[in-house]
*Asks:* 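For reference, the structure I am asking about is given below.
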There are 2 protein chains.
Amino acid sequence: MEHTIALLGFGNVLRAFAELLEQKNPTLEQRYGYRLKVVGISTNSHGRAIDPAGIKLSQALELVRSGEGLDSLDAGWNIQSTPEFIQAVPAEVILEATWLDPTSGQPAIDFVRTALETGKHVVTANKGPVAFAYQSLRDLARQKDLGFLFESTVMDGMPLHSLAREGLLGLEISRIRGILNSTTNAILTRLEEGIAFEKAVAEMQEAGLAEADPSNDVDGWDSAVKIVVLANVFMGGDLRPSDVHREGIRDITLQDAKSALTNGERIKLVCEATQEGGHIHAQVRPLRLPLSDPLANTNYTVCAVSIDTDVLPQVSLIEGPSSPTTTAYGMLVDTLNVLRGRR
Amino acid sequence: MEHTIALLGFGNVLRAFAELLEQKNPTLEQRYGYRLKVVGISTNSHGRAIDPAGIKLSQALELVRSGEGLDSLDAGWNIQSTPEFIQAVPAEVILEATWLDPTSGQPAIDFVRTALETGKHVVTANKGPVAFAYQSLRDLARQKDLGFLFESTVMDGMPLHSLAREGLLGLEISRIRGILNSTTNAILTRLEEGIAFEKAVAEMQEAGLAEADPSNDVDGWDSAVKIVVLANVFMGGDLRPSDVHREGIRDITLQDAKSALTNGERIKLVCEATQEGGHIHAQVRPLRLPLSDPLANTNYTVCAVSIDTDVLPQVSLIEGPSSPTTTAYGMLVDTLNVLRGRR
């Protein structure tokens, strides 16, 4: 059966999604009976297009690659704003990956809310809506009998949220630990290899893995937002990123990294949420982990999560190399899962 | 809503299941609206009981603990055989964990088939039916619109099958690697600690982790059956355990284990299934893995699986300490999932 989707944003992740969808649509149809048709794309810098007959993704990709806007693909809808697009686009599912203010989660939260209010399922790769407004968006989705999924918010599309949703039923989760920020993990790996902090940061900036101001990564902000996502979704918490006790990696020296290795340990920026007696506490800080810890063997950009529960003592999920395509994949799986009624 | 289940077997795993269910039923009802009622238990050595009003699990556990049969709990059904029990018991789901012949998967395969043919969902912890008859049982379940789930066949109830079922949609799996046998992994860990092979085997036998004849573990039979389960379910294969190229760990010496460690490697009994051009090849053999491999840091009885796909380069799942309760948990999750229509 054909299902309609719309893309909010058309940056690295949703462009990778468009390529992945072109590649995977025949498989999805053959295995699951779903064919996904993109009927709208809304961007800030490349214009907007709606076409209920379906937008040719190869054309859209070619247009943005050559610096042109998407308006030539529009079938006469002339939409002027993102909220207007969300309301008007005749799509069952909205895939959201727009720019957001990391301190408030806006305007992505409003976009998600508008989509749900107009009867559309939402799949987002943005941590903001989940870190700042999870409970209210989840409740709104339930009330409207719609899906609101966000696999790609943590660990780039690795099946972490689906694992918890389908495979950890009825458990009490006492602790979640994670190496959730690729950039700091790669910097710490480089420290172990004898590369100084400033040089390692510069490398990450060159590789496009760190911003000009690397604070979001090295001071633990990104990690804090991600552990809040996991605490709120997996533990039923209602934390905000500012509730996280946060310590970054600026003070870690080459010597620290080497002395840890000599002791059979590795320094990692560990995100942790613990639950005890209904109280949830979250923190981000550099810790020395023994090599036997499943989180210790995560080199460079590899992320990992370890979940302790009352029945399964420890469930650890470890990523391979990530890319915009792995993040895009999480959005594709989420889309299939909302359409299949996994909410 | 109340749902009825029946237990085939009442050994370590299903006794742990009974205890877990007593503990978790209130949570399941509160979170998911399901309450599970055991209406029948069938054993070879402790008799059988059917009671549509519900069997008191604490009583059943007490009876078998004190060496008595379950017949006193029977509400006048007087069932004389397992097939007769499967047909007669008024349960929606049959949980199967009976003894089986590891070379044929029988009689468990017939039990599963009978249950499906009489309109009952099946949850099994037995590898046999999946290793020897997966495709035909899966097809029968589909044809009858019934669930046939088996989370506990590999990695003791860790959410591996549910992860693949819900989180790896549309992927091509090129390789699955696993450390899937606890006993050999613990023996290899002991070798690294300087304990000789025969002594390590004796320790496992004392701890109840290895049989008097340890061949099923140390010669790789158990591992072979498990990699066949994963190859058949995840890759769409139709292998049998005899198709697996199999090499055990009897020839690994203390010196081998130590020299690997000196090289920054560890010897592991690695199960592997690879898929290339529609052909699936499976093998079990001791390999030296670098410590950076997510499978390398699995000490003692910890199992792990690593899946390579065309989109997510590597997805690794690592277990914590296992027990009959972790296996029982997989059966509980499967039961909820078949009732929720996750098939």
Side-chain angles (χ1 to χ4, degrees), chain A residues 20 23-25 27-28 30-32 34 151 156-172 290-294 296-299 302 304 306-323 325-326 328-330 332-333 335-337 340-342, chain B residues 20 23-25 27-28 30-32 34 151 156-172 290-294 296-299 302 304 306-323 325-326 328-330 332-333 335-337 340-342:
Chain A
L20 186 63
Q23 179 199 334
K24 287 293 184 186
N25 241 336
T27 306
L28 303 182
Q30 189 201 329
R31 291 194 198 166
Y32 315 108
Y34 289 105
E151 189 63 274
D156 319 286
M158 280 279 288
L160 173 60
H161 286 289
S162 65
L163 181 152
R165 205 169 59 235
E166 304 291 331
L168 302 181
L169 302 174
L171 297 182
E172 303 304 325
L291 290 178
S292 57
D293 191 310
N297 270 291
T298 49
N299 290 318
V302 167
S306 202
I307 302 171
D308 299 353
T309 83
D310 58 340
V311 180
L312 297 176
Q314 196 166 72
V315 178
S316 303
L317 189 67
I318 302 181
E319 197 181 10
S322 61
S323 68
T325 303
T326 59
Y329 176 71
L332 182 60
V333 171
T335 303
L336 291 169
N337 279 330
R340 302 198 301 170
R342 311 291 208 254
Chain B
L20 186 62
Q23 178 200 333
K24 287 293 183 185
N25 241 337
T27 306
L28 303 182
Q30 189 201 330
R31 290 194 196 165
Y32 314 106
Y34 288 105
E151 188 64 273
D156 319 287
M158 280 280 287
L160 173 60
H161 285 289
S162 65
L163 181 153
R165 206 169 58 235
E166 304 290 332
L168 302 181
L169 301 174
L171 297 182
E172 304 304 325
L291 290 178
S292 57
D293 190 309
N297 269 291
T298 49
N299 290 318
V302 167
S306 201
I307 303 171
D308 299 354
T309 85
D310 58 338
V311 180
L312 297 176
Q314 196 165 72
V315 178
S316 303
L317 189 67
I318 301 181
E319 196 181 12
S322 62
S323 68
T325 303
T326 59
Y329 175 71
L332 182 60
V333 171
T335 303
L336 291 168
N337 278 330
R340 301 198 301 171
R342 311 292 209 255

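Letters A, B, ... mirror the listed sequences (proteins, then strands); counts begin at 1.
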*Asks:* Contact part of B:Leu317 toward chain A, heavy-atom cut-off under 4.5 Å: side chain, backbone, both or neither?
*Replies:*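 Both parts, backbone and side chain.
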
*Asks:* Show the nearest heavy-atom pair for residues A:Leu168 and B:Tyr329, with the distance to one decimal.
*Replies:*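 It is C-OH, 2.9 Å.
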
*Asks:* Between A:Leu332, A:Thr325, A:Ile318, who has the most heavy-atom pairs with chain B when the cutoff is under 4.5 Å?
*Replies:*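 It is A:Ile318.
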
*Asks:* For A:Val302 and B:Gln314, what are the C-alpha separation, side-chain angles and deciding distance, and is it a side-chain contact (heavy atoms from CB on, under 4.5 Å)?
*Replies:* CA-CA 10 Å; A:Val302 167; B:Gln314 196 165 72; over 6 Å; no

*Asks:* When only pairs under 4.5 Å are counted, which of A:Gly170, A:Ser162, A:Pro321 shares the most heavy-atom pairs with chain B?
*Replies:*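 The candidate making the most pairs under 4.5 Å is A:Gly170.
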
*Asks:* Tell me, side chain or backbone of A:Asp310 under 4.5 Å from chain B's heavy atoms, or both, or neither?
*Replies:*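 Contact with chain B involves the side chain of A:Asp310 alone.
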
*Asks:* Walk me through it: do B:Arg340 and A:Arg342 pass the test side-chain contact (heavy atoms from CB on, under 4.5 Å)?
*Replies:* CA-CA 10 Å; B:Arg340 301 198 301 171; A:Arg342 311 291 208 254; over 6 Å; no

*Asks:* Which atoms of B:Ser292 come close to chain A, meaning under 4.5 Å heavy atom to heavy atom: side chain ones, backbone ones, both, or neither?
*Replies:*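 B:Ser292 touches chain A through backbone and side-chain heavy atoms alike.
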
*Asks:* Out of A:Asn299, A:Leu291, A:Asp293, A:Thr298, which one racks up the most heavy-atom pairs below 4.5 Å with chain B?
*Replies:*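 Most pairs with chain B among the choices: A:Leu291.
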
*Asks:* Distance check, rounded to the nearest 0.5 Å: B:Leu163 atom CG versus A:Met158 atom CE?
*Replies:*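 It comes to 7.5 Å.
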
*Asks:* Heavy atoms only: give me the nearest A:Thr326-B:Pro313 pair and the separation to one decimal.
*Replies:*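 Heavy-atom minimum between the residues: CG2-CD, 3.8 Å.
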
*Asks:* Within a reach of under 6.0 Å around CD of A:Gln30, are more than 12 heavy atoms found that belong to other residues, nucleotides or ligands?
*Replies:*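 Result for CD/A:Gln30: open.
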
*Asks:* For each of B:Gly157, B:Ser316, B:Gly167, tally heavy-atom pairs with chain A at distances under 4.5 Å, and name the one with the top tally.
*Replies:*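 Top count of heavy-atom pairs under 4.5 Å with chain A: B:Ser316.
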
*Asks:* Check each atom of A:Leu171 against the heavy atoms of chain B and say whether the ones under 4.5 Å are side chain, backbone, both or neither.
*Replies:*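 Looking at A:Leu171, backbone and side chain both touch chain B.
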
*Asks:* State the CZ-CG distance between B:Arg31 and A:Leu169, to the nearest 0.5 angstrom.
*Replies:*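 Answer rounded to 0.5 Å: 9.0 Å.
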
*Asks:* Is chain B contacted by the side chain of A:Gln23, its backbone, both, or neither, given a heavy-atom distance below 4.5 Å?
*Replies:*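 Side chain of A:Gln23 only, per the 4.5 Å heavy-atom cut-off to chain B.
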
*Asks:* What are the two closest heavy atoms between A:Leu312 and B:Pro159, and how far apart are they?
*Replies:*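 Heavy atoms of A:Leu312 and B:Pro159 come nearest at CD1-CD, 4.0 Å.
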
*Asks:* Determine, for B:Glu166 against A:Arg165, whether the closest basic-nitrogen to carboxylate-oxygen distance falls under 4.0 angstrom.
*Replies:*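 Salt bridge absent between B:Glu166 and A:Arg165.
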
